[in-house]
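The block underneath contains the structure these notes are about, expressed in structure tokens.
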Protein chains: 2
Amino acid sequence: MTRVLVVDDEPSIVRALRINLTARKYEVSTASDGASGLAAVARDRPDVMILDLGLPDMDGTEVIRGVRGWSSTPIIVLSVWGQESQKVAALDAGADDYVTKPFGMDELLARLRAAVRRAAPAPDEPVVTTGHFTVDLAAKRVARNGGDGNVGLTPTEWQLLEVLVRNRGRLVTQRQLLQEVWGPAYETESNYLRVYMAQLRRKLEPEPSRPRYLLTEPGMGYRFEA
Amino acid sequence: MTRVLVVDDEPSIVRALRINLTARKYEVSTASDGASGLAAVARDRPDVMILDLGLPDMDGTEVIRGVRGWSSTPIIVLSVWGQESQKVAALDAGADDYVTKPFGMDELLARLRAAVRRAAPAPDEPVVTTGHFTVDLAAKRVARNGGDGNVGLTPTEWQLLEVLVRNRGRLVTQRQLLQEVWGPAYETESNYLRVYMAQLRRKLEPEPSRPRYLLTEPGMGYRFEA
DNA sequence: CCTGGCCGTTAAGGTTTCATCAAGATCATC
DNA sequence: GATGATCTTGATGAAACCTTAACGGCCAGG
């Protein structure tokens with residue numbers, strides 16, 4: 001039975017969610033502010049968390065960071081319409097998805113299912129092959145196809161490549177990359193990214209100046225394409 | 001059976017709607033002012049609401065806001081011709097679509113079907129496909145069908161497209177778009193919209209000068225149709 | 001018929017962001 | 001303490017982007 005934690009300070013929403021989720025065989029626990037929400041995550045270990053951004057005691061992104069410090073429980077964020085920057089901040093902080101209030105129950109349930117499914121035992125393919133090289137995530141090895149021997153990557157280069165390959169096909173924001181590789185304090189040092197992306201491209205791309213696998217999306221981030 | 005709530009103070013219109021809707025197997029309930037309309041929404045939980053803006057007791061946008069506080073039931077607004085600003089205000093408040101009086105029954109029924117269909121089970125994955133291209137909200141990727149490679153969108157273009165796609169099938173006012181993409185301070189810079197809509201159409205539409213998916217609603221806003 | 005408002009389109013300017021290079025700082029190892 | 005690899009930092013030219021203004025088409029109202 002899937003456990004859901006609802007953190008919202010509006011009783012009507014909490015009630016509606018409790019009724020609908022219970023009817024669909026979810027196990028529901030609730031909290032009405034950020035502090036007790038964090039406590040509830042630690043206590044109940046929910047499989048997924050629904051979090052309202054407009055809590056009375058603390059900022060929603062603070063709650064997300066508090067959870068993400070030690071848990072990867074999927075988080076679906078509820079936000080009122082028009083607070084675009086808030087939503088972006090929440091996603092950057094580690095939220096998995098968002099729904100704007102007012103929401104349709106069907107939509108929320110769909111996103112809930114999707115979030116739980118994504119979190120399920122990741123059938124991670126540990127080896128990714130492109131037309132020119134092969135990345136083995138488990139063995140931490142990169143080898144050029146046809147050519148022998150493996151490509152030597154420095155620790156930082158490897159971490160960067162790993163994040164990109166794990167999100168292959170998807171765009172990864174600069175902030176996310178910096179946060180995962182260098183830590184939260186380096187969110188703005190986009191210079192590092194450029195230097196290391198250049199090094200990766202020099203070592204992996206057939207034409208480093210015309211990237212084919214490690215793509216730049218100007219203003220947004222990078223994408224690994226296999 | 002689909003439940004429709006009609007809120008209008010003109011008996012002739014209520015009667016005409018009741019007859020036509022009942023004949024087409026809708027279950028109809030009615031109310032003649034805003035207050036009882038709100039009560040009826042809470043009591044009957046209609047699948048869709050048809051709301052006249054010219055009610056005796058309260059402003060139409062007030063009714064919409066009252067509903068939107070806790071429900072996302074689709075709302076189709078009826079307004080007399082010429083009250084453009086009223087319609088925009090209603091859409092901004094959260095209405096889904098509008099029909100100007102006098103209206104053709106066929107048109108109203110079409111919009112009714114569209115609104116109900118839209119509210120039905122939302123797709124699990126945030127991937128929207130049209131006849132000519134596919135939008136993946138999670139991966140931030142747009143690909144032309146058949147053609148390979150993805151279409152390169154700038155950050156602003158992407159944000160604009162995202163708002164439209166998330167509200168697919170439904171009219172989004174200029175103000176809403178400007179606020180979500182550029183921020184509350186740019187509510188009147190409708191020039192930006194024209195420039196970026198043109199760019200999106202050039203990149204996505206098969207015939208940019210004859211839009212098929214990114215539609216203009218003159219005086220109101222834009223609509224993404226899949 | 002003319003006028004004004006709204007929309008679509010285009011192009012140029014200024015600004016931000018990106019790629020590349022190279023030199024200093026840091027770290028691990030011996 | 002010396003050495004080599006790795007990581008930071010700064011500078012520069014190039015590319016992409018955002019903004020802004022101008023022009024023309026279309027439609028409605030006078």
Side-chain angles (χ1 to χ4, degrees), chain A residues 84 140 142 150-161 164 171-178 180-183 185-223, chain B residues 81-85 87-88 91 100 140 150-161 164 171-175 177-178 180-183 185-223:
Chain A
E84 185 66 18
K140 293 206 188 308
V142 182
N150 68 334
V151 182
L153 294 186
T154 73
T156 307
E157 286 166 6
W158 176 258
Q159 282 189 57
L160 182 58
L161 181 64
L164 287 168
L171 186 145
V172 188
T173 64
Q174 321 187 43
R175 197 182 249 163
Q176 189 180 338
L177 287 169
L178 288 163
E180 296 220 24
V181 177
W182 281 271
Y186 293 76
E187 271 181 3
T188 61
E189 300 286 346
S190 51
N191 238 338
Y192 292 8
L193 281 183
R194 296 196 201 96
V195 173
Y196 277 89
M197 285 301 298
Q199 283 171 0
L200 278 179
R201 296 209 251 238
R202 188 144 24 88
K203 292 184 178 181
L204 299 178
E205 290 277 0
E207 279 180 283
S209 59
R210 198 82 69 68
R212 200 171 144 183
Y213 305 108
L214 300 163
L215 308 177
T216 302
E217 300 270 349
M220 302 203 279
Y222 294 87
R223 181 201 310 272
Chain B
W81 186 87
Q83 306 276 6
E84 303 299 299
S85 59
K87 283 187 290 196
V88 175
L91 292 168
T100 50
K140 289 215 189 311
N150 68 330
V151 183
L153 295 186
T154 73
T156 307
E157 287 165 6
W158 181 260
Q159 282 188 57
L160 183 57
L161 181 65
L164 287 168
L171 175 50
V172 187
T173 63
Q174 308 192 10
R175 195 202 241 126
L177 289 168
L178 288 164
E180 288 250 8
V181 177
W182 282 272
Y186 293 76
E187 271 180 4
T188 60
E189 299 286 346
S190 51
N191 230 344
Y192 293 6
L193 281 184
R194 292 195 206 94
V195 172
Y196 278 91
M197 284 301 298
Q199 283 172 359
L200 279 180
R201 296 209 251 238
R202 186 146 30 84
K203 291 185 178 181
L204 299 178
E205 290 278 359
E207 281 180 282
S209 58
R210 196 90 54 68
R212 201 170 145 183
Y213 306 108
L214 299 164
L215 308 176
T216 302
E217 299 270 348
M220 303 276 120
Y222 295 87
R223 179 200 304 266

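Note that the coordinates shown come from a computational prediction; the quantities given were computed from them, not determined experimentally. The chains referred to below are lettered A, B, ... by the order of the sequence lines, with proteins before strands, and numbering in each begins at 1.
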Selection residues 151-160 of chain B - residue pairs positive for salt bridge (Lys or Arg N to Asp or Glu O under 4.0 Å), sequence neighbours left out:
Glu157(B)-Lys203(B)
Quick one: side-chain hydrogen bond (donor to acceptor under 3.5 Å, both in side chains) partners of Thr156(B), sequence neighbours excluded?
none
Sequence-aligned protein contact record of nucleotides 11-30 of chain C, with B where the base is within under 4.0 Å of a protein heavy atom and S where only the sugar-phosphate is
------SBBB----------
Qualifying residues under salt bridge (Lys or Arg N to Asp or Glu O under 4.0 Å), relative to Glu187(B), sequence neighbours excluded:
Arg175(B)
Please collect all side chain to side chain donor-acceptor pair (under 3.5 Å) contacts where either partner lies in residues 205-218 of chain B, sequence neighbours excluded, each pair once.
His132(B)-Tyr213(B), Arg201(B)-Thr216(B), Glu217(B)-Arg223(B)
Suppose we screen for side-chain hydrogen bond (donor to acceptor under 3.5 Å, both in side chains). Which residues come up paired with Trp182(B), at least two apart in sequence or across chains?
none
How many Å lie between CD on Glu207(B) and P on dT9(C), as a whole number?
12 Å
Check every nucleotide of DNA chain D for an atom under 4.0 Å from a heavy-atom of chain A, then give the first and the last such nucleotide from 5' to 3'.
dT6(D) to dC17(D)
Excluding sequence neighbours, so at least two apart, what forms salt bridge (Lys or Arg N to Asp or Glu O under 4.0 Å) with Glu189(B)?
none
By side-chain hydrogen bond (donor to acceptor under 3.5 Å, both in side chains) - contacts of Lys140(B) (at least two apart)
none
With side chains defined as the heavy atoms from C-beta onward, is the minimum distance between Thr188(B) and Leu178(B) less than 4.5 Å?
no
Can you sort out the partners of Arg194(B) under side chain to side chain contact (heavy atoms under 4.5 Å, CB included), two or more places apart, ordered by chain and number?
Ser190(B), Asn191(B), Tyr222(B)
Quick one: list whatever passes side-chain hydrogen bond (donor to acceptor under 3.5 Å, both in side chains) with Gln174(A), sequence neighbours left out.
none
Could you work out how much the helix from dC1(C)-dG30(D) to dC30(C)-dG1(D) bends, comparing the axis of its first five pairs with that of its last five, to 10°?
30°
